[in-house]
Amino acid sequence: MKIKIPEEREVFYRLKVGDKIFLSGTIYTARDEAHRRIADCGMRSAEFPFEIKNQVIYYTGPSPTKPGEVIGSCGPTTSARMDKWTPLLLSLGLAGMIGKGPRSSEIIDAIKKYQVVYFIAIGGAAAYYTNFIEKAEIVAYSDLGCEAIHRLEVRDFPLYVGISSDGETIF
């Protein structure tokens with residue numbers, strides 16, 4: 001199934017665990033330190049580095065970009081490390097997350113509450129995923145290096161539904 005984000009965000013409600021999807025549109029990268037900073041913005045009601053509502057965050061830290069390429073290798077990182085900040089981001093309207101590995105029961109409950117989806121990408125396939133990224137730019141926290149927030153334009157980015165909006169999990 002092909003989905004364009006954020007335009008087709010409502011399709012997320014119909015996805016089932018194990019569904020293979022091909023995501024196109026804009027997604028954002030964020031790892032541990034970027035999450036901490038975003039959460040700090042939320043606690044202070046300060047400006048966020050991007051509009052979170054109806055967006056998807058990819059838990060990744062791209063490797064350096066080689067000349068002539070759009071971005072370096074860009075594989076998923078362990079999602080559980082973001083669990084302590086995830087409920088806040090979901091409460092702000094985040095529509096989905098991409099990562100690898102299981103999530104805590106608290107996150108599964110939050111996924112059900114906010115009717116979002118957790119997508120899984122295949123670990124160890126970082127170079128493969130760059131084939132689906134058409135454009136990349138740093139939009140915040142450039143001082144974090146690979147953990148800076150990037151805006152990615154992706155086309156047919158292959159993913160599986162790891163946790164559906166009704167809380168069913170593949171793990």
Side-chain angles (χ1 to χ4, degrees), residues 1-31 34-35 38-39 41-42 47-62 70-71 73-80 82-83 85-103 107-123 125-126 128-140 148-171:
M1 170 186 302
K2 292 187 175 195
I3 301 173
K4 184 159 176 56
I5 187 76
E7 294 86 349
E8 299 176 333
R9 189 260 188 260
E10 72 282 352
V11 173
F12 286 10
Y13 303 121
R14 298 192 307 265
L15 296 174
K16 301 296 180 201
V17 167
D19 282 352
K20 184 174 185 178
I21 67 129
F22 299 93
L23 191 67
S24 294
T26 302
I27 62 175
Y28 293 87
T29 68
R31 288 185 51 159
H35 273 74
I38 292 169
C41 287
E47 287 187 32
F48 289 100
F50 62 93
E51 174 61 44
I52 293 175
K53 187 172 176 68
N54 291 323
Q55 300 301 323
V56 173
I57 290 179
Y58 181 22
Y59 303 144
T60 188
V70 172
I71 194 168
S73 294
C74 200
T77 194
T78 304
S79 302
M82 268 50 79
D83 280 4
W85 300 289
T86 299
L88 171 66
L89 297 180
L90 296 180
S91 74
L92 296 170
L94 184 68
M97 303 148 285
I98 302 168
K100 68 177 183 182
R103 307 301 296 265
I107 298 307
I108 294 171
D109 290 344
I111 286 170
K112 286 170 49 179
K113 178 179 179 180
Y114 295 107
Q115 295 288 287
V116 302
V117 175
Y118 170 56
F119 297 106
I120 51 176
I122 307 301
Y128 171 72
Y129 283 112
T130 61
N131 294 316
F132 306 95
I133 300 170
E134 296 182 325
K135 184 177 177 186
E137 65 177 324
I138 294 175
V139 294
I149 295 177
H150 294 72
R151 179 185 304 120
L152 306 179
E153 297 298 326
V154 298
R155 177 176 300 277
D156 296 332
F157 201 85
L159 301 166
Y160 291 92
V161 175
I163 304 173
S164 62
S165 62
D166 61 2
E168 293 296 316
T169 177
I170 203 167
F171 300 100

Novice: Evaluate side chain to side chain contact (heavy atoms under 4.5 Å, CB included) for Leu89 paired with Met97, printing each intermediate quantity in order.
Specialist: CA-CA 10 Å; Leu89 297 180; Met97 303 148 285; over 6 Å; no
Novice: Just jot down the side chain to side chain donor-acceptor pair (under 3.5 Å) partners of Thr60, sequence neighbours excluded, or say none.
Specialist: none
Novice: Can you list the steps and then say if Ile138 with Ile149 is a side chain to side chain contact (heavy atoms under 4.5 Å, CB included)?
Specialist: CA-CA 6 Å; Ile138 294 175; Ile149 295 177; over 6 Å; no
Novice: Could you tell me whether the side chain of Ile98 reaches within less than 4.5 Å of the side chain of Tyr59, counting heavy atoms only?
Specialist: no
Novice: Please name all residues satisfying side-chain contact (heavy atoms from CB on, under 4.5 Å) with Ser24, sequence neighbours left out, ordered by chain then number.
Specialist: Arg155, Asp156
Novice: List for me each residue that meets side-chain contact (heavy atoms from CB on, under 4.5 Å) alongside Pro87, sequence neighbours excluded, and say none if there are none.
Specialist: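 Pro87 satisfies side-chain contact (heavy atoms from CB on, under 4.5 Å) with Glu106, Ile107 once adjacent residues are dropped.
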Novice: Applying ring-ring contact (aromatic ring centres under 6.0 Å, His included), can you list everything that pairs with Tyr28, at least two apart in sequence or on another chain?
Specialist: Phe50
Novice: CG of Leu23 to CG of Leu159: how many Å apart, nearest 0.5 Å?
Specialist: 6.0 Å
Novice: Could you work out, with side chain to side chain donor-acceptor pair (under 3.5 Å) as the rule, every residue matching Lys112, not counting sequence neighbours?
Specialist: none
Novice: Regarding Ser91 and Tyr114, is there a side-chain donor-to-acceptor distance under 3.5 Å anywhere?
Specialist: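 Checked: Ser91/Tyr114 side chains show no N/O donor-acceptor pair below 3.5 Å.
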Novice: Flag the pair Ile57 / Ile27 as yes when at least one side-chain heavy-atom distance between them is below 4.5 Å, and no otherwise.
Specialist: no
Novice: If you look only at pairs with a residue in residues 161-170, which of them pass as a side-chain hydrogen bond (donor to acceptor under 3.5 Å, both in side chains), with sequence neighbours excluded?
Specialist: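 For residues 161-170, and leaving out neighbouring residues, the side-chain hydrogen bond (donor to acceptor under 3.5 Å, both in side chains) pairs sorted by first residue read Ser164-Asp166.
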Novice: Please name all residues satisfying ring-ring contact (aromatic ring centres under 6.0 Å, His included) with Phe157, sequence neighbours left out, ordered by chain then number.
Specialist: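 Result, ring-ring contact (aromatic ring centres under 6.0 Å, His included) vs Phe157: Tyr58, Tyr129.
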Novice: Please collect all ring-ring contact (aromatic ring centres under 6.0 Å, His included) contacts where either partner lies in residues 7-27, sequence neighbours excluded, each pair once.
Specialist: Phe12-Phe119
Novice: Who pairs with Thr77 by side chain to side chain donor-acceptor pair (under 3.5 Å), at least two apart in sequence or on another chain?
Specialist: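 In terms of side chain to side chain donor-acceptor pair (under 3.5 Å), with neighbours along the sequence ignored, Thr77 is linked to Arg81.
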Novice: What's the spacing between Cys74 SG and Asn131 CG if we round to 0.5 Å?
Specialist: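 Interatomic distance, Cys74 SG to Asn131 CG, rounded to 0.5 Å: 11.5 Å.
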Novice: Where do Gly99 and Pro76 come nearest, in terms of heavy atoms and distance?
Specialist: C-CB, 3.8 Å
Novice: Can you see which heavy atom on Ile108 is nearest to which on Gly167, and at what distance?
Specialist: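 Looking at all heavy atoms of both residues, the shortest contact is CG2-O, 3.6 Å.
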Novice: Using the salt bridge (Lys or Arg N to Asp or Glu O under 4.0 Å) criterion, which residues pair with Arg103? Sequence neighbours excluded.
Specialist: Asp83
Novice: Measure the shortest side-chain to side-chain distance between Ile38 and Ile52 over non-hydrogen atoms and say whether it is less than 4.5 angstrom.
Specialist: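 SC-SC contact between Ile38 and Ile52 confirmed.
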Novice: Is it true that atom NZ of Lys4 has more than 12 heavy atoms of other residues, nucleotides or ligands lying nearer than 6.0 Å?
Specialist: yes
Novice: Quick one: CD1 on Ile163 to CD1 on Ile120, what's the gap to the nearest 0.5 Å?
Specialist: 9.0 Å
Novice: If we only count heavy atoms from C-beta on, is the Leu90 to Lys113 side-chain gap below 4.5 Å?
Specialist: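 Leu90 does not reach Lys113 side chain to side chain.
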Novice: Around Tyr160, counting heavy atoms of other residues, nucleotides and ligands shown, do more than 12 lie under 6.0 Å from its OH?
Specialist: no
Novice: Nearest 0.5 Å, please: how far is CG in Leu15 from OH in Tyr118?
Specialist: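 Here the interatomic distance stands at 15.0 Å.
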Novice: Can you list every pair that meets salt bridge (Lys or Arg N to Asp or Glu O under 4.0 Å) and has a residue in residues 6-27, with sequence neighbours left out?
Specialist: none
Novice: With no hydrogens and no angle check, is any side-chain donor or acceptor of Ser79 less than 3.5 Å from a backbone partner on Lys100?
Specialist: yes
Novice: Please name the pair of heavy atoms, one in Ala80 and one in Pro102, separated by the smallest distance, quoted to 0.1 Å.
Specialist: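 That would be CB-O, 4.0 Å.
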Novice: Quick one: side chain to side chain donor-acceptor pair (under 3.5 Å) partners of Thr26, sequence neighbours excluded?
Specialist: Glu153
